K.L.:
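Could you have a look at this structure, given as structure tokens, before my questions?
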Amino acid sequence: MTTSKKSETLVSIIINNYNYGRFLGKAIDSALKQTYAYTEIVVVDDGSTDNSRKVIASYGNQIIPVFKQNGGQGSAFNAGFKICNGDAICFLDSDDFFYPSKVEECLKLLTENTVNNPLVMVYHFLKVVDENGFSLNWQKPLAHVYNYSSPNLYEYAYNYRYL
């Protein structure tokens with residue numbers, strides 16, 4: 001867990017994991033190496049049976065571990081959300097990773113857009129890579145199936161049990 005001045009916005013990064021110990025270290029490292037330093041990293045293990053707990057333990061007090069019985073991705077994010085202290089929250093799957101400036105850029109967008117509306121969610125495309133981090137030259141969701149004009153993010157979050 002990284003700390004800085006109290007006047008800055010604390011960003012919580014919730015990493016959800018289930019049996020992805022082979023990827024988990026890269027996800028945690030990417031969260032710890034953000035250019036925006038005032039973060040807390042919450043790693044939720046959703047009942048893994050692989051080496052995930054050993055990977056989590058290796059980070060000591062750099063992260064906040066949460067261990068729970070398997071309940072699915074939504075329940076893992078909810079368990080992490082319950083203990084977060086951040087004013088902004090980023091979600092990270094354990095088989096994914098953040099670019100170093102992701103949190104800084106998202107926080108900038110949040111700050112700019114909460115002037116007129118305090119309820120803002122920043123979302124973006126996901127660049128798809130292989131197990132070694134090499135681009136597969138496509139992104140998710142596919143632009144032609146995504147409604148840019150009025151996405152209902154509340155409904156999406158509710159359907160996938162993030163609320």
Side-chain angles (χ1 to χ4, degrees), residues 1-3 9-107 109-110 119-133 135-136 138-142 146 151-163:
M1 183 169 23
T2 307
T3 58
T9 301
L10 176 64
V11 176
S12 298
I13 301 173
I14 302 173
I15 302 173
N16 77 96
N17 178 68
Y18 177 70
N19 286 338
Y20 272 163
R22 67 190 185 277
F23 301 116
L24 184 56
K26 186 169 186 172
I28 295 171
D29 288 344
S30 75
L32 290 170
K33 294 178 181 174
Q34 290 298 299
T35 56
Y36 185 81
Y38 193 36
T39 61
E40 67 176 4
I41 315 302
V42 177
V43 181
V44 182
D45 185 76
D46 192 33
S48 293
T49 58
D50 66 356
N51 70 328
S52 294
R53 286 183 179 230
K54 185 176 181 180
V55 172
I56 292 167
S58 73
Y59 285 90
N61 66 1
Q62 294 180 87
I63 63 172
I64 302 166
V66 176
F67 299 103
K68 61 180 283 310
Q69 291 183 344
N70 183 257
Q73 187 178 38
S75 73
F77 279 134
N78 287 335
F81 185 81
K82 284 179 187 176
I83 67 162
C84 285
N85 296 301
D87 297 306
I89 298 173
C90 294
F91 297 101
L92 176 59
D93 294 339
S94 57
D95 64 334
D96 295 333
F97 60 91
F98 285 170
Y99 286 117
S101 62
K102 183 222 171 63
V103 170
E104 183 176 6
E105 291 177 28
C106 287
L107 188 58
L109 286 168
L110 275 172
L119 303 174
V120 173
M121 180 176 181
V122 174
Y123 57 97
H124 53 78
F125 289 113
L126 171 79
K127 182 178 177 181
V128 180
V129 298
D130 66 15
E131 282 193 33
N132 299 309
S135 175
L136 296 178
W138 62 287
Q139 63 189 18
K140 290 169 89 176
L142 299 175
Y146 195 73
N152 187 336
L153 297 174
Y154 175 83
E155 184 176 306
Y156 175 86
Y158 180 80
N159 287 339
Y160 289 95
R161 302 190 191 284
Y162 290 126
L163 296 177

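All figures in this text were calculated on a predicted structure; none of them were measured in a lab.
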K.L.:
Drop me the distance from Ile28's CD1 to Ile63's CD1, to the nearest 0.5 angstrom.
P.N.:
4.5 Å
K.L.:
Under 6.0 Å from the ring centre and within 45 degrees of the ring axis: does the NZ or CZ of Lys102 meet both conditions for the six-membered ring of Phe98?
P.N.:
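That pair qualifies as a cation-pi contact.
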K.L.:
Taking side chain as C-beta onward, heavy atoms only, is Ser101 less than 4.5 Å from Gln34?
P.N.:
no
K.L.:
Val11 pairs by side-chain contact (heavy atoms from CB on, under 4.5 Å) with which of Ile41, Val103, Asp87, Ile89?
P.N.:
Val103
K.L.:
Do Tyr36 and Leu107 have side chains that approach each other closer than 4.5 Å (heavy atoms only, starting at C-beta)?
P.N.:
yes
K.L.:
Quickly, which of Val43, Ile15, Val42 forms a side-chain contact (heavy atoms from CB on, under 4.5 Å) with Leu92? Name it, please.
P.N.:
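Of the listed residues Val43, Ile15, Val42, the side-chain contact (heavy atoms from CB on, under 4.5 Å) partner of Leu92 is Ile15.
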K.L.:
Work out which heavy atom in Gly25 is nearest to a heavy atom in Tyr59; give both atom names and the distance.
P.N.:
O-OH, 3.1 Å
K.L.:
How long is the gap from CD1 on Ile14 to CD on Glu40, to the nearest 0.5 Å?
P.N.:
8.5 Å
K.L.:
Quick one: closest heavy-atom pair of Asn51 and Gly21, and the distance?
P.N.:
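Scanning both residues completely, I find the closest heavy atoms to be OD1-CA, 3.3 Å.
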K.L.:
Could you tell me whether the side chain of Val66 reaches within less than 4.5 Å of the side chain of Asp45, counting heavy atoms only?
P.N.:
no
K.L.:
Please assess Ile13 against Phe91 for the test side chain to side chain contact (heavy atoms under 4.5 Å, CB included), listing each intermediate value before the final yes or no.
P.N.:
CA-CA 6 Å; Ile13 301 173; Phe91 297 101; over 6 Å; no
K.L.:
Scan side-chain atoms only and decide if Asn17 and Ser48 contain a donor-acceptor pair under the 3.5 Å cut-off.
P.N.:
yes
K.L.:
So, taking the atom named CG in Asp95 and the one named CD in Glu131, what distance separates them when rounded to the nearest 0.5 Å?
P.N.:
9.5 Å
K.L.:
Using 0.5 Å steps for rounding, measure from the CG atom of Asp130 to the OG atom of Ser135.
P.N.:
8.5 Å
K.L.:
Once rounded to the nearest 0.5 Å, what's the spacing between atom CG of Asn70 and atom NZ of Lys68?
P.N.:
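Asn70 atom CG to Lys68 atom NZ measures 6.5 Å (nearest 0.5 Å).
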K.L.:
For Gln73, which of Asp46, Asp93, Asn78 qualifies under side chain to side chain donor-acceptor pair (under 3.5 Å)?
P.N.:
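Testing Gln73 for a side chain to side chain donor-acceptor pair (under 3.5 Å) against Asp46, Asp93, Asn78 leaves exactly one candidate, Asp93.
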K.L.:
Using modelled atom types and a 3.5 Å cut-off, is there a donor and acceptor pairing between side-chain atoms of Asn19 and backbone atoms of Asp50?
P.N.:
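The answer is yes, because a donor-acceptor pair under 3.5 Å joins these two groups.
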K.L.:
Does atom CZ of Phe81 have more than 12 heavy-atom neighbours, drawn from other residues, nucleotides or ligands, at distances under 6.0 Å?
P.N.:
no
K.L.:
To the nearest 0.5 Å, how far apart are CZ in Phe67 and OG in Ser52?
P.N.:
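Interatomic distance, Phe67 CZ to Ser52 OG, rounded to 0.5 Å: 9.5 Å.
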K.L.:
For the pair Ser12 (side chain) and Gly86 (backbone), establish whether a donor and an acceptor sit closer than 3.5 Å, ignoring hydrogens and angles.
P.N.:
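The answer is yes, because a donor-acceptor pair under 3.5 Å joins these two groups.
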